[in-house]
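If you read the sequence from its start, that first residue is 1, and numbering goes on from there.
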Amino acid sequence: MEKKFKVYIYPDGDPNTFYQKPRKLTGKYASEGYFFQNIRESRFRTEDPDQAHLFFIPISCHKMRGKGTSYDNMTIIVQNYVESLISKYPYWNRTLGADHFFVTCHDVGVRATEGLPLLIKNTIRVVCSPSYDVGFIPHKDVALPQVLQPFALPAGGNDLENRTVLGFWAGHRNSKIRVILARVWENDTELDISNNRINRADGPLLYQKRFYRSKFCICPGGSQVNSARIADSIHYGCIPVILSNYYDLPFNDILDWRKFCVVLNERDVYQLKQILKDIPDAEFVALHNNLVKVQRHFQWNSPPIRYDAFHMVMYDLWLRHHLIKY
């Protein structure tokens, strides 16, 4: 892949508005920004569209949100931009957009594509909210990990003796599963469950430090199926417990998540403590050791480094391009 795979970036669009460059490389939508930057820094970019395997549509809905663009206007802007590329260049019409892709980490970016049906049906959508009950197509689209960078503290791992808390979660109750999780377990003595984010006034980085002392970190879906808490858990060496139905996990066709993670159905929330306590010590150690091995796959870098999040996304795209028929 590293030697052969080439991506052409459409040059159209003013970088000072919604195109070409990322809004920023920090915050919970940093993955989108890093991809926009990394693709230009990488060996995968080609200036010759005839050499390209895939075509990147460099429009950023995150930048639109930053400039206060309404959802309705976003839809119009995306539609007008893509239609201008279709009329100006011959490449879209060869496959009706099947060899094109766009990247968005904000869930509104997915909805902003609704004005152009072929953008949803044919184009590869690289998104942080890959819920296959609302249109995400696993064999075509790509799940982008939501990574909140920079991380506040160093990576955890090989520190099992410090992990004395069975399970940890603290967050807003902005979904049904989070409401149930807090209601059922917030007063438990073995699970550290808080129905609000930890107040910074109580001390610096208390939230992040609780990842270090927990064996398992509960990752329920929020307003969408995804959560930056999964990448946080991986970084801090706390085994993620996925509590989110219909979630096509990032790099699912590359990594075996069950070797470093616990994947549950939302209905399992009522038996959560017993499920975690029933995991044998040897299995827990194996999960933790494997978790440390995959940490580099959920880290963005600039410039990108082999096997980091950018290269994992590129490999997913490489796998998808083989499905395209000309």
Side-chain angles (χ1 to χ4, degrees), residues 130-133 143 145-146 155-173 175-198 206-222 225-295 297-298:
S131 178
Y132 50 82
D133 69 330
Q146 186 175 10
N158 304 313
D159 51 4
L160 296 181
E161 67 280 359
N162 300 326
R163 298 183 180 275
T164 57
V165 176
L166 178 62
F168 164 61
W169 176 77
H172 299 301
R173 294 188 292 178
S175 67
K176 181 179 179 181
I177 184 59
R178 292 186 177 196
V179 170
I180 296 172
L181 176 66
R183 187 181 70 232
V184 175
W185 298 112
E186 65 180 328
N187 295 318
D188 192 84
T189 57
E190 295 177 272
L191 293 175
D192 180 6
I193 304 296
S194 304
N195 66 3
N196 282 299
R197 291 296 292 266
I198 298 168
L206 288 181
Y207 173 73
Q208 290 82 358
K209 290 175 181 177
R210 280 159 84 166
F211 283 90
Y212 284 138
R213 62 186 182 90
S214 302
K215 295 179 178 179
F216 299 95
C217 287
I218 319 304
C219 302
V225 292
N226 55 295
S227 169
R229 186 174 284 100
I230 297 173
D232 284 344
S233 302
I234 293 171
H235 175 77
Y236 293 119
C238 184
I239 297 167
V241 179
I242 310 298
L243 267 178
S244 187
N245 295 347
Y246 311 114
Y247 187 8
D248 193 70
L249 291 162
F251 318 139
N252 204 23
D253 45 2
I254 305 172
L255 302 177
D256 184 350
W257 277 77
R258 294 186 183 276
K259 290 186 177 180
F260 61 91
C261 176
V262 177
V263 181
L264 302 177
N265 193 288
E266 289 182 4
R267 65 174 177 267
D268 295 324
V269 65
Y270 299 100
Q271 292 80 41
L272 177 62
K273 183 167 77 170
Q274 195 58 49
I275 290 172
L276 298 182
K277 294 183 74 171
D278 285 345
I279 295 175
D281 289 343
E283 182 178 344
F284 167 70
V285 171
L287 287 169
H288 181 80
N289 291 339
N290 289 333
L291 185 71
V292 174
K293 293 177 183 178
V294 303
Q295 284 175 331
H297 302 320
F298 294 86

Test item: Arg210 side-chain N/O and Asp192 main-chain N/O as donor-acceptor pair under 3.5 Å: no
Contact summary for Phe251 and His297, nearest pair of heavy atoms: CE1-O, 3.5 Å
Heavy-atom pair with the smallest gap, counting every atom of Val263 and Arg258: O-NH1, 3.5 Å
Partners meeting disulfide (SG to SG under 2.5 Å) with Cys217 (sequence neighbours left out): Cys238
Asp268 side-chain N/O to Asn265 backbone N/O, donor-acceptor pair under 3.5 Å: yes
Check: Asp232 main-chain N/O paired with Gln208 side-chain donor or acceptor under 3.5 Å: no
Main-chain N/O of Val165 paired with Arg213 side-chain donor or acceptor, under 3.5 Å: no
Considering all heavy atoms, the nearest Leu160-Phe284 contact: CD2-CE2, 3.6 Å
Minimum heavy-atom distance between Asn290 and Lys259, given as atom pair plus value: ND2-O, 2.9 Å
Ser214 backbone acceptor or donor facing Arg163 side chain under 3.5 Å: yes
Polar side-chain atom of Glu186 near backbone of Ile193 as donor-acceptor pair, under 3.5 Å: no
Trp169/Arg178 under side-chain contact (heavy atoms from CB on, under 4.5 Å): CA gap, chis, key distance, verdict: CA-CA 10 Å; Trp169 176 77; Arg178 292 186 177 196; 3.8 Å; yes
Donor-acceptor contact below 3.5 Å, side chain Trp257 vs main chain Pro250: yes
Partners meeting side-chain contact (heavy atoms from CB on, under 4.5 Å) with Val269 (sequence neighbours left out): Ile177, Ile180, Leu181, Trp185, Leu243
Smallest separation among heavy atoms of Tyr207 and Arg229, with atom names: OH-NE, 3.2 Å
Side-chain touch Leu276/Ile218, heavy atoms, less than 4.5 angstrom: yes
Aromatic plane relationship, Tyr212 with Tyr236 - under 30° parallel, 30 to 60° tilted, over 60° perpendicular: perpendicular
Atom of Val292, atom of Asn158 and distance for their closest heavy-atom approach: CG2-N, 4.2 Å
Salt-bridge present (Glu190, Lys277; N to O < 4.0 Å): yes
Heavy-atom donor-acceptor pair, His288 side chain to Gly157 backbone, under 3.5 Å: no
Derivation and outcome, side-chain contact (heavy atoms from CB on, under 4.5 Å), residues Ile230 and Tyr247: CA-CA 12 Å; Ile230 297 173; Tyr247 187 8; 3.5 Å; yes
Side chain Ser227, main chain Cys219, donor-acceptor under 3.5 Å: no
Audit row: Leu255, Phe298, side-chain contact (heavy atoms from CB on, under 4.5 Å) steps and yes/no: CA-CA 12 Å; Leu255 302 177; Phe298 294 86; 3.9 Å; yes
Interatomic spacing from CD1 in Ile275 to OH in Tyr270 - rounded to 0.5 Å: 13.0 Å
Atom pair NZ/CG of Lys215 and Leu287 - distance to nearest 0.5 Å: 12.0 Å
Leu166 side, atom CG; Ile279 side, atom CD1 - distance, nearest 0.5 Å: 8.5 Å
Asp188 side-chain N/O to Leu191 backbone N/O, donor-acceptor pair under 3.5 Å: yes
Value rounded to 0.5 Å, distance of CD1 in Ile242 from CG in Leu249: 5.5 Å
